[in-house]
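Basis for what follows: all heavy atoms, side chains included, without hydrogens, waters or symmetry-related copies.
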Number of protein chains: 2
Amino acid sequence: MSRSESRYHHGDLASALEAAADSLLAERGAASLSLREVARRAGVSHNAPYHHFADRHALLQRLGVRHMTRLVEAQRAAGERETDARAAFVAMGAAYVGYAHEHPHGFAVIFDPEVCVPGETGPQMTTLIAENEALIGAAIARVAPELGEQEIEAAVVGAWGAAHGLAQLVAAGHVPIDAVRPAFEAYLAMGATLTRTP
Amino acid sequence: MSRSESRYHHGDLASALEAAADSLLAERGAASLSLREVARRAGVSHNAPYHHFADRHALLQRLGVRHMTRLVEAQRAAGERETDARAAFVAMGAAYVGYAHEHPHGFAVIFDPEVCVPGETGPQMTTLIAENEALIGAAIARVAPELGEQEIEAAVVGAWGAAHGLAQLVAAGHVPIDAVRPAFEAYLAMGATLTRTP
DNA sequence: GGTACGATCTTGCGCATGTCAAGATCCGAG
DNA sequence: CTCGGATCTTGACATGCGCAAGATCGTACC
């Protein structure tokens with residue numbers, strides 16, 4: 001009897017649980033995601049998950065890592081699809097916002113302070129965050145090669161913040177997705193205005 | 001016997017509950033805020049809140065309105081404290097981020113899609129959101145008087161997004177508060193670079 | 001091949017919470 | 001003074017989290 005048919009020892013319950021939870025996350029938010037429902041959807045008893053995740057928190061963190069991985073990958077792909085430096089930078093921002101728009105609950109769980117606290121989420125998330133910043137930093141360095149390391153670091157936080165804010169507002173429904181690109185351009189022009197010495 | 005001494009009819013339980021919940025929100029996040037604990041802290045039975053709030057959701061929405069009011073007010077005050085248009089714009093952004101830094105859980109509840117959905121949160125929140133956008137719009141119009149209505153509208157979303165993203169990242173602990181101002185300036189300079197015709 | 005061990009999964013439990021229902025208490029209008 | 005309605009209380013039920021103890025399975029070891 002193969003493992004997948006034997007319903008006692010599932011075989012790869014951890015992945016199945018993650019998948020089940022992720023599909024739940026496509027419908028509802030993390031707050032209304034119960035471990036028991038995940039277990040039900042995976043077809044196991046309400047306590048089976050505890051042999052793979054310390055608690056509800058741990059499963060949500062795992063989902064956070066999952067989505068952060070995809071978010072970083074989406075940015076990377078969008079950036080590599082463009083040859084022009086500026087186009088790549090803009091495309092990465094759009095990818096960031098786009099991911100949040102398509103997976104609002106998944107995106108939310110990445111940055112939910114109740115779930116993923118910077119220092120306490122484990123090395124995987126730390127690595128992913130660093131990767132994300134490196135990705136943005138490289139894109140900025142391509143656009144503005146004259147910048148020093150310090151300046152790039154600051155610009156990374158600024159760009160990340162801008163993309164993140166629009167993503168959050170779009171995901172929450174405060175801003176329609178179509179308004180993002182004009183807003184982005186307008187804000188950049190605004191920057192040009194603000195930094196122009198009077 | 002005055003109402004405040006009579007412990008049966010509280011007198012102003014709605015406000016007391018809001019205050020209790022708000023003080024809880026200063027410590028923990030909204031997810032771990034239970035109606036029963038709020039009731040305990042207010043010194044009433046676990047079911048008293050239901051005579052003032054339809055459910056847990058309604059109380060959280062009320063807290064969202066409360067904090068959005070303060071957030072808008074903080075921005076307004078910061079803007080009015082400056083005479084220079086650019087300084088006012090920057091100060092408002094700093095106030096936005098500062099509020100999120102000082103009241104991370106309160107700030108989170110404003111924009112929590114599980115709590116405050118744009119269309120369904122009631123007229124008060126709608127008004128506050130509009131007020132917020134008007135405030136930002138006025139600040140932008142002061143900085144760049146040459147902009148048309150459409151352009152300002154787009155710039156509002158862009159500026160709001162930038163401030164919101166930095167606020168979120170600071171509140172979540174991904175970015176230290178000291179990094180905000182340099183990031184803001186760097187991002188604006190970045191905008192100047194990006195919009196400069198090659 | 002048989003067996004003991006550990007990993008995996010199950011059932012059952014205590015406790016906390018959200019929400020409904022019914023009763024107790026108090027205020028104020030008439 | 002009485003009665004209605006608002007306010008608050010106790011009680012109950014369903015659900016969820018996480019612990020504990022038992023059942024089942026794979027496998028390393030003899």
Inset, instruction - Take B/His51 and A/Ala54, find for each the nucleotide of DNA chain D with the closest heavy atom, and name the residue whose nucleotide sits nearer the 5' end. - result: B/His51
Which one, [options], comes nearest to the side chain of [X]?
X: A/His52; options: C/dT17, C/dC9, D/dC8; answer: C/dC9
X: A/Asp55; options: D/dG18, C/dT10, C/dG18; answer: D/dG18
X: B/Ala48; options: D/dT9, C/dT17, D/dG16; answer: D/dT9
X: B/Tyr50; options: C/dT17, C/dT19, D/dC8; answer: C/dT19
X: B/Ser45; options: D/dC17, D/dA12, D/dT9; answer: D/dT9

Whole-Å distance separating the [atom1] atom of [X] from the [atom2] atom of [N]:
X: A/Leu33; N: D/dT15; atom1: CG; atom2: P; answer: 17 Å
X: A/Glu37; N: D/dG16; atom1: CD; atom2: P; answer: 7 Å
X: B/Leu13; N: D/dT9; atom1: CG; atom2: C1'; answer: 13 Å
X: B/Leu60; N: C/dG18; atom1: CG; atom2: C1'; answer: 12 Å

Inset, instruction - Classify the angle between the aromatic ring planes of A/His164 and A/Phe107 as parallel (below 30°), tilted (30 to 60°) or perpendicular (above 60°). - result: tilted
Legend entry - Under 3.5 Å donor-acceptor pair, A/Arg56 side-chain atoms to D/dG16 base atoms: no
Inset, instruction - Give a yes/no answer on whether the side chain of B/Arg40 brings an N or O atom under 4.0 Å of OP1 or OP2 in C/dA16. - result: no
Legend entry - Residue from A/Arg28, A/Arg62, A/Arg41, A/Arg70 passing salt bridge (charged side-chain N to carboxylate O under 4.0 Å, His left out) with A/Asp22: A/Arg70
Inset, instruction - Between B/His46 and A/Arg36, name the one whose nearest nucleotide on DNA chain C is closer to the 5' end. - result: A/Arg36
Inset, instruction - Pick out which of B/Gln124, B/Gln61, B/Glu18 makes a side-chain hydrogen bond (donor to acceptor under 3.5 Å, both in side chains) with B/Arg66. - result: B/Glu18
Inset, instruction - For residues B/His67 and B/Phe111, establish whether the separation of their ring centroids is below 6.0 Å. - result: no
